[in-house]
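A, B, ... follow the sequence lines: proteins, then strands. Residue 1 opens every chain.
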Amino acid sequence: MLEPRYDHQKTEERIYKLWEKSGYFNPDRLPPVGANLRESKRESTRKNISINQPVNQHKSAFTIIMPPPNANGSLHIGHAVFVTLQDIMTRFARMRGKKALWLPGADHAGFETWVVFDKKLEKEGRNKYEIDREQLFKEIWDFTQNNKKTMEDQLRRLGASCDWSREKFTLDSDIVKIVYETFEKLYKDGLIYRGERIVNWCPKHQTSLSDIENQFREQEDPFYYLKYGPFTIATARPETKFGDKYVVMHPDDKRYKEYAQGQKIEVEWINGTITATIVKDKAIDMKFGTGVMTITPWHDATDFEIAERHKLEKEQIIDFRGKLLPVAGEFAGMHIKNARLLIIEKLVSKGLLVKTDEHYKHSVRVCYKCNTAIEPQIKSQWFIRMTAEPHAQNQKSPPAPMLRRAGKIKNQNGGKSLRDLGVEAVKSKKIKLIPRRTEKTFFNWMKNLRDWNISRQITWGIRIPAWYCITCGKTAVNPKIKANWFLIRHGETDWNKEGRTQGQADVPLNGEGRQQAKKAAETLKHRGIDLIISSDLGRCRETAEIIREATGAEVIFDKNLRERHLGITQGMARDDRNAMYGDILYTHEGKPPGGESFKELEERVWESFKHHKKSHHHKNILIVTHGGPIRTIIKNIKKWTIEEMLERDAIENAKIVELTISDPCSTCGGDLYEQDPDVFDTWFSSGQWPFATLMATSDKRQATRKNGFKTFYPTDVMETGYDILFLWVARMIMLGLYRTGEVPFKTVYLHGLVLDKDRQKMSKSKGNVIDPLGVAELYGADALRMALVAGNTAGRDIVISEEKIRGYRNFATKIWNIARFVQLHKPAELRGLHADQRGKNISVNPRLRQASDGQVRSNQRKSALSQEDRKNIEQVRKIKAKVATHIEKFEFHLAAETVYHYIWHTLADKIIEDAKARLNSADENDREAAYQTLETLLLESLKMLHPFMPFVTEEIYRKFEPEKMLMVEKW
RNA sequence: GGGCGAUUAGCUCAGCGGCAGAGCACUUCGUUUACACCGAAGGGGUCGUAGGUUCAAAUCCUACAUCGCCCACCA
């Protein structure tokens, strides 16, 4: 008997476990159609099934790839929206007999996680720049893995019927491999290039960002009109103006027709007289200001493009931390914030400031995460070419130099650009966006696409698979890596600390040195070191020993890797040594009394290195040695002169230098490479998510998985928030089409943001955040799901309030009580019988069920049903069909409201009320018919409510059909 | 500057050519016998404004007003 009140807290977890245990989340393990039996019963009934049923009737697949939540926090209410909508579609498809796959995952979320983790470090009083790259990566890895685990549990709490056996993380090695292949293919097709181009630099996070990772902030700044020779130019950023030596005007501007392109004039400028060159360019707006401007190509995108067009020189004025470079003269080294007013003062004193507009309003690009003003910089970065002709949409932009070889470009798409591929897929309706109006937004954005910078200067992410030949700099994309070699200097000694010359003196590590070695060992632990080759001097030997303990690699010693012998200077304080022997020490061939020359060291060490490389080139080797030998090795690889080498900073204690060995470089024959230090923009990897996940789920254990991609791709629906239409959806469309030749999904359903009942965006600072798990705890996941669906259309923001959720909790109780009522009125002769027995003995119920499915109607015991009964059964059939149509048309709100209305205001308020008298009737036949009708209506209602409120419906269904699972019942 | 959207009951929103709808809130009444997380009845709207198309407009078209979102290299 059902409890008087439905207790979601006791039920939901139990039901979820039941589903998960059944294995039916995995479409490969769905029961044959019509053979819906619980796990425990399966074996015993298998024979029966095979006689009557074909083994698998699940012909077509239905696939949704879950937008992988960022593994840097826990789920918020926005996640609950996607869980609800996607679960509705998946459960509906499953009940419709499809091989329904909802593939879950999590995103490492490169920059976003980096920002979150950075804040965490700040709180802990740590600085990310002082943490070793490998160490930092590992910490963030652990952080994301923990979050991921939490999120998985949360998804379960919300009832997500996704196939956990296929779950993927964006950093899984099989995913990374696929991402690398895409990168390589793009490179070979000429759609990806590395170039010195202007990028959006966030000075706080010290990385470049793509164009869409910026926001615009309106602000008011003083606007300075400056005298520049015969012209007046205006700027809001005087601190960039030091190097301005081009003055640009529109070619048609009559005011300046006396000036010719290329003409040179002398002008008095901030730090003295400079020679300015006249440039005529149509990018100038004649109506703005004086119609003349000077340009700063290094720090402004427009200026950069003008400079590219006219092949002008570019000079960096501001460094990557926002400080002025030597070109700024007396202001060099100052932060631009502090320098600005001082520069203005100087301009005033030189009589160069014409006037100031104090209230100039303009929008400034800011980092979308930290709101710091973006500082455009020129940097060598990887870009994806989005358009057929570089910047063709914009006559102001010429082809970037690196793209001049346009003629060579070829790819399988008949030379179509990524943009064209995407636009055509949507235009031709191969991909449909819901709501339809977002297609306009999509086209509008695609029209103005610019090349996409995918390099990020952060640690957290997928390292770009580009290696550069250390000797000549040639690029090798995704090369076959034979081995990784590491050079490490020993840890600190007391002599290091005191600045005493060590040479070959046998000095032990100090405490700090041992700590450094341990830290390095931690880092190297995961790098698969096969062999450690160490200098035999104590400080190296100890370092090697510490690393051996962590990595388990064997250690061999090599005297030839010792530090340079410094003869009588060994033990001397550095200053004294340099005073006495500096002239000799810092030349190639000079040597101190009793010591070695640099040349001798170099010959000894380089011979040794070459020897080891020859014998161990296929192994991962760690060489533990000293500062001198490491610099020597690098000098020889890079073919530096001794002067070039001496210019470089000394190697720090326990500093690791990484070298990759691959096939010899086709240009110089060298086989040592260093990897690009940058990682991918997260969206480059998540843009490949639909095909990457399916390609990667070819599990060795299950033969059926091998065709995972073939069966489930293209996927059916991509359901996500409209806020990432450009960031993610557009990229998936383009990369999916490019890589697989097919659309990644047929329909895109975009939902809105979740707002509170006052239409406010939820934010932690406003304190109006609704925690979906808290709500699920309080009112049940079913109630939350219903509240998120009802009354909301695609693409519109979703307003949710506690009252609304409470309303649907009441609904769960309502249907529970309907079930109680029905159960309570079960005629005595039907009570205590199991469902299948009942079927055999009485066979009323199955017949009714058939009728409700609109199938053949049996004449057997027809008289038992009243006219009204038949009408009611016909009605529920119609309602169910209507609900199905709504779901198929992605009108989830209408589907939900239809079910709600039927159950509450038709089934409960009318049908049940009308049935009360008959259920107490003296006529046994009538009583039975009334009951059977009600039970049928209830079970049909449960079916159509199930995708929306899976827990309570499953729980009730089990009370009536203990052998069956509603989740896989036929709709 | 360009694009997209919204304006319907007190609130949140559906409806998008055929008698103005839902949930919540409100009013009145009811309830021993599935449910007060309930039931019955009810009040409440010139569908932003002004034109137009149509037999018929909340719905289609055109302006306007107000609000919101997205995109954008006027120095």
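- Ring planes of Tyr225(A) and Phe223(A): perpendicular class, angle over 60° (limits at 30 and 60°).
- When the nucleotides A72(B), C38(B), A34(B) are ranked by their closest atom to the side chain of Trp904(A), C38(B) comes out on top.
- Residue contacts shown for Ile233(A) are absent, as no nucleic acid heavy atom lies under 4.0 Å away.
- For His893(A) and G23(B), the shortest distance from a side-chain N or O to OP1 or OP2 is not below 4.0 Å.
- Ring orientation note: the planes of Phe892(A) and Phe890(A) are nearly perpendicular, at an angle over 60° on the 30°/60° scale.
- Across all strands, Asp909(A) comes closer than 4.0 Å only to sugar-phosphate atoms, never to a base (heavy-atom distances).
- Annotation: of the two residues near RNA chain B, His362(A) and Glu218(A), the 5′-most nearest-nucleotide partner is Glu218(A).
- Between the base of C37(B) and the side chain of Arg809(A) there is a donor-acceptor pair shorter than 3.5 Å.
- Closest to the side chain of Arg5(A), from the set C37(B), G3(B), A34(B), is C37(B).
- Listed candidates were G5(B), C74(B), G3(B). Nearest to the side chain of Lys440(A) is G5(B).
- Between His905(A) and G23(B) there is a side-chain polar atom (N or O) within less than 4.0 angstrom of OP1 or OP2.
- Nearest nucleotide to the side chain of Thr813(A), out of A75(B), A6(B), C37(B): C37(B).
- At whole-Å resolution of the value, NE2 in His886(A) and C1' in A22(B) are 13 Å apart.
- Among the heavy atoms of the strands lying under 4.0 Å from Arg437(A) are primed sugar atoms or P, OP1, OP2 only; no base atom is included.
- Judged by distance alone with a 3.5 Å cut-off, no donor-acceptor contact links the side chain of Lys804(A) to the base of C24(B).
- Each of Ser363(A) and Ala236(A) lies near RNA chain B, and the nucleotide nearest Ser363(A) is the one positioned closer to the 5' end.
- Within 4.0 Å of Leu725(A), counting heavy atoms only, lies no atom of the nucleic acid at all.
- Donor-acceptor pairing under 3.5 Å, judged by distance alone, is absent between the side chain of Glu913(A) and the base of A40(B).
- A side chain to side chain contact (heavy atoms under 4.5 Å, CB included) with Tyr224(A) holds for exactly one of Leu352(A), Ile343(A), Asp357(A), Ile344(A); it is Ile344(A).
- Counting non-hydrogen atoms under 4.0 angstrom, Gly780(A) reaches nothing in the nucleic acid.
- Ring-plane geometry between Phe811(A) and Tyr900(A) is classed as tilted, the angle between the planes lying from 30 to 60 degrees on a 0 to 90 degree scale.
- With A14(B), A75(B), A34(B) as the candidates, the nucleotide lying closest to the side chain of Tyr360(A) is A75(B).
- Dashed line: the shortest gap from a side-chain N or O of Lys814(A) to OP1 or OP2 of G39(B) is under 4.0 Å.
- The listed nucleotides are A14(B), A22(B), G2(B); the one nearest the side chain of His901(A) is A22(B).
- Of the candidate nucleotides U12(B), A34(B), C71(B), A34(B) has the atom nearest to the side chain of Ala908(A).
- Nearest nucleotide to the Asn817(A) side chain, out of A34(B), A6(B), A75(B): A34(B).
- Within the nucleic acid shown, Gly791(A) comes within 4.0 Å of sugar-phosphate atoms alone, with no base atom in reach, counting heavy atoms only.
- Phe726(A) comes within 4.0 angstrom of the backbone, heavy atoms only, and of no base.
- Here Lys361(A) lies out of heavy-atom contact (under 4.0 Å) with every strand.
- Side-chain atoms of Met293(A) lie closest to A75(B) of the nucleotides A75(B), C4(B), C35(B).
- Distances were taken from every side-chain heavy atom of Thr793(A) (C-beta onward) to each of A14(B), G23(B), A34(B); the shortest belongs to A14(B).
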